[in-house]
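Just below is one structure, and these are the notes that go with it.
Throughout, residue positions are numbered sequentially from 1 according to the sequence presented. These values consider heavy atoms only, across backbone and side chains, with no hydrogens, waters or symmetry-generated copies. Source: prediction; values computed, not measured.
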Amino acid sequence: MNGYNRKPTYDLGLNYVWNQFKLTLNHRHGKRVSPYSVGITSMYDYDRYAKINGNRPGRSTASTFGVLQYANTFHNTSVDASFSVDYEHISHYVVLGDVTTSPLTIQNELYPDYVSDTVGVFYVTNWRNLTFGGEVRALQKYQWGAMSGNFLLGLQYEHFHAFDNSFQMGDHFKHIGMTVSNEDSYTWYGMGDRLYFVQNGVEQNFSAYSQIKHYLFPRLILNGGFRYDRKIRYDREKLNEFSPRLSLIYLPNDRWNVKLSYARSFVDAPFTSRTFSWHHLLPEEGLQPQHLDSWQLSSNWRYEPWHLEYDANLFYTHVTDLVQVVENLFSNGGNLRMMGLEQSLTFQFPHLWIHGNLTYQHLLNQTDYTANDTYVYSVPNFLMNWVAEQDLSPWVKQLRLHAKCSTYSKQYFKYGWSVFHGPDDWCFGRDLVRMPAYALVDVGLRYSWHWFDFQFDCKNLFDHTYRLGGSSVPILQPGRSWLGTVRFRIR
């Protein structure tokens, strides 16, 4: 549980700088072991399932990324430009169960009557996409009498191409019984008799943005900006989005500042939500972007004699047009209003560093969202973290001890419809499950020697048993675990 293997997680990168140019290349892969099977929500024998494209069960993402940047300054104007390419391969290897309750039938033109066995049943979905684009922006500083500031203007273009997808299903842990790809459709009987269909496509996004930071007075700053996006979707539908933001910053003295801000932003409905269809669940025609309006009142205060820094942020957010499933359609029916308070406190001493943060959030109201009148499901209303690091250099050179304590309030979870329950299930028969509050303690030490760093960590020191909400059932989390790390630095 909680492992990263087959394939392992890795991240390789290269930075090269020549005059005003910088080239960055990166290749990374990540896959976390799925703790439960999906069909019957139970543990499964991970090692018995075949490697497919080098992976065993879990969701893996491999990405190859490159960006070429240019930056220069001409008098009071700074100019930078970049061009980037990103190739991504996502593979979702899902176990339905070591033993399922009944066989599954899938039909399409290539496989008129494929029937799975009930032993070691699995499926794998794959997506491949390519994204490339460029950005150029200029920053101009200015002075108008006693007032000063800077002005930013930028242009951006992004081209997204989802060019390949596939689906494989098998049984007996290793046997692949069928494969469909790209524009093929197929009907899956036994899981709601659903007709699946996934499309590929090309999408383009053109953006222009601007920002101004203006000192109205020496201790009063106006910061404003906007972003305009024009997007052409895969079906040639065109979107136009305008996203403004405005803030006012007051600095009573050099140790304290207060900021009042408003911002509106958006994120388009996911590509798969707009292209993925099945018999009982279809994308709503004209699915729109999701929007966020946010008001924040924040403050930062520093007190040098005590080596102390305090931050606070009071926020109100209103999320609209959330993509939710309403009456068997992906639709923009979700709305969510929340407010809360975030605080952080930092102490910095010669050999001791302490940082703490606290968050409280309150649900005001919601429509067609995974929440009740007070709680967002699987999200605590209150959480707190304290992190401390002690440098033992006065006694043992290059040795550091660190500790972390995390506290989370109770959470509520809406039991999923797709889970097969039994009378021995810990929350059997309850539609809404209350998960109790919990606290976790982590400790560790780090030692540096020449070009090497040695680190030893213990997570969940007191082996506390707790669960976090998953998509259909609360998932048991790892108990006490140990991790040793060796790093080698090339200088």
From CA spacing to verdict: side chain to side chain contact (heavy atoms under 4.5 Å, CB included), Gln290, Phe266: CA-CA 5 Å; Gln290 306 167 101; Phe266 83 99; over 6 Å; no

Do side-chain atoms of [X] reach the backbone of [Y] as a donor and acceptor pair under 3.5 angstrom?
| X | Y | answer |
| --- | --- | --- |
| Asn26 | Leu12 | yes |
| Ser210 | Leu152 | yes |
| Asn150 | Lys141 | no |
| Glu158 | Ser207 | no |
| Asp463 | Arg480 | yes |
| Asn332 | Gln288 | yes |
| Asp86 | Thr131 | no |
| Tyr466 | Pro478 | no |
| Arg59 | Tyr93 | no |
| His355 | Ala388 | no |

Side-chain donor-acceptor pair present, [X], [Y], cut-off under 3.5 Å:
| X | Y | answer |
| --- | --- | --- |
| Thr346 | Glu309 | no |
| Asp321 | His291 | yes |
| Ser91 | Asn126 | yes |
| Glu135 | Tyr209 | yes |
| Asn357 | Gln343 | no |

Nearest-0.5 Å distance that lies between atom [atom1] in [X] and atom [atom2] in [Y]:
| X | Y | atom1 | atom2 | answer |
| --- | --- | --- | --- | --- |
| Thr320 | Arg264 | OG1 | CZ | 5.5 Å |
| Asp98 | Thr118 | CG | OG1 | 11.0 Å |
| Asn129 | Tyr87 | CG | OH | 8.5 Å |
| Ser406 | Leu383 | OG | CG | 8.5 Å |
| His175 | Phe122 | NE2 | CZ | 8.5 Å |

Could you tell me which non-hydrogen atom of [X] sits nearest to which non-hydrogen atom of [Y], and how far apart they are?
| X | Y | answer |
| --- | --- | --- |
| Asn200 | Ala162 | CB-O, 2.9 Å |
| Leu246 | Gly224 | CD1-CA, 4.1 Å |
| Gly58 | Lys31 | C-CG, 4.2 Å |
| Ser37 | Tyr44 | N-CD2, 3.6 Å |
| Asp117 | Thr100 | O-OG1, 4.3 Å |
| Arg137 | Gly154 | CB-CA, 3.8 Å |

is_close_aromatic(His464, Phe462), centroid dist under 6.0 Å: no

Measuring centre to centre across the rings, with the benzene-like ring taken for any Trp, is Phe160 within less than 6.0 Å of Phe271? yes

Flag side-chain contact, heavy atom, 4.5 Å: [X] against [Y]:
| X | Y | value |
| --- | --- | --- |
| Thr359 | Asn381 | no |
| Gln411 | Arg467 | no |
| Met338 | Val376 | yes |
| Leu322 | Tyr369 | yes |
| Arg245 | Gln211 | yes |
| Leu23 | Leu14 | no |
| Met435 | Phe413 | yes |

Would you call [X] and [Y] a salt bridge, using N to O less than 4.0 angstrom?
| X | Y | value |
| --- | --- | --- |
| Asp164 | Arg128 | yes |
| Arg446 | Asp457 | no |
| Arg227 | Asp229 | yes |
| Arg28 | Asp11 | yes |

Over 60° means perpendicular and under 30° means parallel, so tell me whether Tyr10 and His29 are parallel, tilted or perpendicular. parallel

For the residue pair Tyr70 and Phe21, categorise the inter-ring angle as parallel (less than 30°), tilted (30 to 60°) or perpendicular (more than 60°). tilted

Pairs satisfying salt bridge (charged side-chain N to carboxylate O under 4.0 Å, His left out), at least one member in residues 230-242, at least two apart: Glu203-Lys231, Lys231-Asp268, Arg233-Glu237, Arg233-Asp268

Flag if over 12 foreign heavy atoms under 6.0 Å of NZ, Lys22: no

Near Lys174 NZ, under 6.0 Å, is it more than 12 heavy atoms from other residues, nucleotides or ligands? yes

Within 45° cone and under 6.0 Å: Arg56 NZ/CZ vs Tyr49 ring: no

